[in-house]
Amino acid sequence: MTVRVRFAPSPTGMFHVGGARSALQNWIFAKQQGGVFVLRIEDTDAARNKPEWTEGILSALDWIGIARGSYEGPYFQSSYAGEHRAAAQRLYEGGRAYYCDCTREDVQARTGPQQRGYDGFCRDRGLEPGEGRALRFRTPDEGETVVVDLVRGEPTFENKLIEDFVIARGDGSPVFLLANVVDDMSMGITHVIRAEEHLPNTPKQQLLWDALGVKPPIWAHVPVVVNEKRQKLSKRRDKVALEAYRDEGYLADAMRNYLMLLGWAPSGDREIVPWSVIEEEFRLDEVNPSPAFFDEKKLRAFNGDYIRALPVEEFVAACRPWLTGTETIAPPPWQPDEFDPAAFAAVAPLAQTRIAVLSEIVPNVDFLFLADPLIDEAAWAKAMKEGAADLLDAAIVAFEALESWDAESLKATLEAVGAERGLKLGKAQAPVRVAVTGRTVGLPLFESLEVLGRDRTLTRLRAARVRLV
Ligand code: GLU
């Protein structure tokens with residue numbers, strides 16, 4: 001039997017990192033089993049779906065390595081409405097479902113507000129189909145439903161505790177529970193790997209598989225992803241969109257490796273391993289079923305490690321979207337013709353060891369491409385204290401006299417200027433750095449000055465000196 005898995009997102013918003021995690025797990029599982037990965041867009045909620053969200057899913061999957069054309073689909077659930085209705089009809093005709101005209105108020109009036117779920121009032125009323133009548137599944141009164149779950153063992157549900165749930169609404173439209181099962185069935189899905197949030201649906205869905213006469217799939221409910229307060233990651237509260245991480249400058253390799261560490265780890269106490277190792281070692285039955293903490297700080301550090309590991313030419317290429325701007329990444333503060341690729345290449349290795357996300361490249365190098373540095377006023381106030389004017393005067397004179405404009409000579413010169421004033425190099429650097437780059441922190445100063453060049457450096461030092469008068 002060929003293994004067939006599917007990733008079945010609903011295109012109702014930005015693509016969630018938890019979704020990306022499930023997609024990757026499906027992807028790897030299919031690959032390991034020599035199986036097929038199917039992408040199904042569950043777009044039946046017409047009010048909430050937008051085509052751009054679907055495009056966002058496809059491009060986000062592409063970004064993390066699940067490339068268009070390398071999987072089956074995308075299929076669109078809305079195209080199978082006929083099959084969903086036919087399945088509902090079959091269940092009705094087979095006596096496995098019945099029509100119900102109770103309103104929520106009716107049910108509550110009978111059961112009291114505390115009681116949850118449907119009380120089975122219409123079970124044996126023999127109502128015909130009709131406008132406003134929902135179709136409910138006749139849940140078995142006895143027995144239990146045992147779900148075979150690769151992550152959770154065999155969660156077992158007593159059938160008598162499962163209400164007669166709705167499978168088609170009063171307007172005849174099948175609900176998610178049923179559509180999802182019918183599609184999995186017709187697409188020959190053998191393993192359903194999805195988030196834990198769906199586990200409460202699973203016994204109901206498995207009953208539908210049974211009632212429709214098809215062997216249910218093997219399930220794997222992977223842990224819910226939570227924030228530092230152990231709350232489920234929510235798009236209203238947390239940064240959850242994969243695209244937001246991409247546009248901030250997380251590397252796809254770092255991101256997908258990190259996502260796979262949510263609830264699982266490769267052998268040997270390692271976290272950063274080649275993707276091929278993850279593809280080889282990942283096992284669903286090793287996934288920890290408890291909630292998985294999405295630790296953005298750790299991800300940042302992780303990303304920094306990946307950035308540092310890039311060959312420098314790849315780092316330069318990876319920075320490009322932030323140096324030019326794209327459809328989704330804001331343009332840098334300089335004009336395109338102000339950018340100097342040679343100057344960038346000269347400082348790139350220095351920046352590579354200092355940034356954790358690629359977007360941080362911009363504030364580190366903008367001083368090279370802007371006619372005037374962007375002065376951070378707080379940095380200015382901090383650096384331009386008493387003695388700064390005198391120090392700048394002396395630095396200007398000493399730099400003007402330099403024969404060779406290189407980092408080493410610049411450093412020796414400023415060191416001497418500082419020493420004459422009883423200042424350590426760090427203190428002597430501060431006003432120079434702010435005058436030239438606008439900031440108190442950044443790339444190593446003397447290499448920066450070397451690349452910026454004599455004329456521009458001196459012009460900026462003089463301009464700062466004028467401001468101090
Ligand atoms: N469309 C569902 C969702 O996005 C997926 C259901 C499933 O994976 O079975 O949550």
Side-chain angles (χ1 to χ4, degrees), residues 3-30 35-58 60-61 66 71-81 83-84 87 145 147-152 155 165 167 173-209 212 214 216-225 232-236 240-243 259 284 287:
V3 163
R4 289 175 60 84
V5 298
R6 81 325 190 250
F7 176 55
S10 305
T12 53
M14 301 291 268
F15 188 44
H16 194 290
V17 288
R21 182 272 322 252
S22 307
L24 287 170
Q25 292 178 335
N26 273 287
W27 179 252
I28 292 179
F29 185 75
V36 176
F37 175 100
V38 175
L39 177 63
R40 181 173 74 235
I41 305 291
E42 300 211 315
D43 60 343
T44 40
D45 185 350
R48 291 172 62 217
N49 294 322
K50 289 199 198 136
E52 55 268 37
W53 298 135
T54 297
E55 181 47 38
I57 291 169
L58 299 182
L61 287 175
I66 302 180
Y71 49 80
E72 196 178 301
Y75 297 118
F76 290 86
Q77 185 159 66
S78 55
S79 359
Y80 303 102
E83 280 87 335
H84 307 150
T145 296
V147 166
V148 177
D149 187 307
L150 294 177
V151 176
R152 283 157 212 280
F165 54 93
I167 55 175
S173 60
V175 301
F176 156 76
L177 275 181
L178 179 64
N180 181 264
V181 165
V182 170
D183 289 347
D184 282 346
M185 223 172 250
S186 58
M187 293 174 191
I189 299 304
T190 58
H191 295 74
V192 171
I193 304 163
R194 62 182 180 181
E196 181 185 355
E197 290 93 311
H198 287 290
L199 186 58
N201 293 328
T202 307
K204 297 178 182 171
Q205 293 195 304
Q206 186 158 303
L207 287 169
L208 291 173
W209 282 82
L212 290 164
V214 184
I218 293 173
W219 311 86
H221 289 90
V222 297
V224 60
V225 182
K232 187 176 149 191
L233 278 198
S234 111
K235 60 181 164 200
R236 256 158 265 107
V240 299
L242 194 65
E243 295 92 324
L259 289 172
L284 279 168
V287 171

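Remember, it's 1-based here, ligands and their atoms both numbered in the order they're listed.
Classification of the W27-Y71 ring pair by plane angle, with boundaries at 30° and 60°, yields perpendicular.
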Test log, rule side chain to side chain contact (heavy atoms under 4.5 Å, CB included), inputs N180 and R40: CA-CA 10 Å; N180 181 264; R40 181 173 74 235; 3.4 Å; yes
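Y80 meets the ring pair (Phe, Tyr, Trp, His ring centres under 6.0 Å) test with no other residue; sequence neighbours excluded.
Minimum heavy-atom separation, F176 to H198: CZ-CE1, 3.9 Å.
Side-chain atoms of H191 and N26 include no donor-acceptor pair closer than 3.5 Å.
Protein neighbours of ligand 1 below 4.0 Å, counting non-hydrogen atoms: R6, A8, P9, S10, E42, F176, N180, R194, H198.
Side-chain atoms of E196 come within 3.5 Å of backbone atoms of V224 as a donor-acceptor pair (strictly under, hydrogens ignored).
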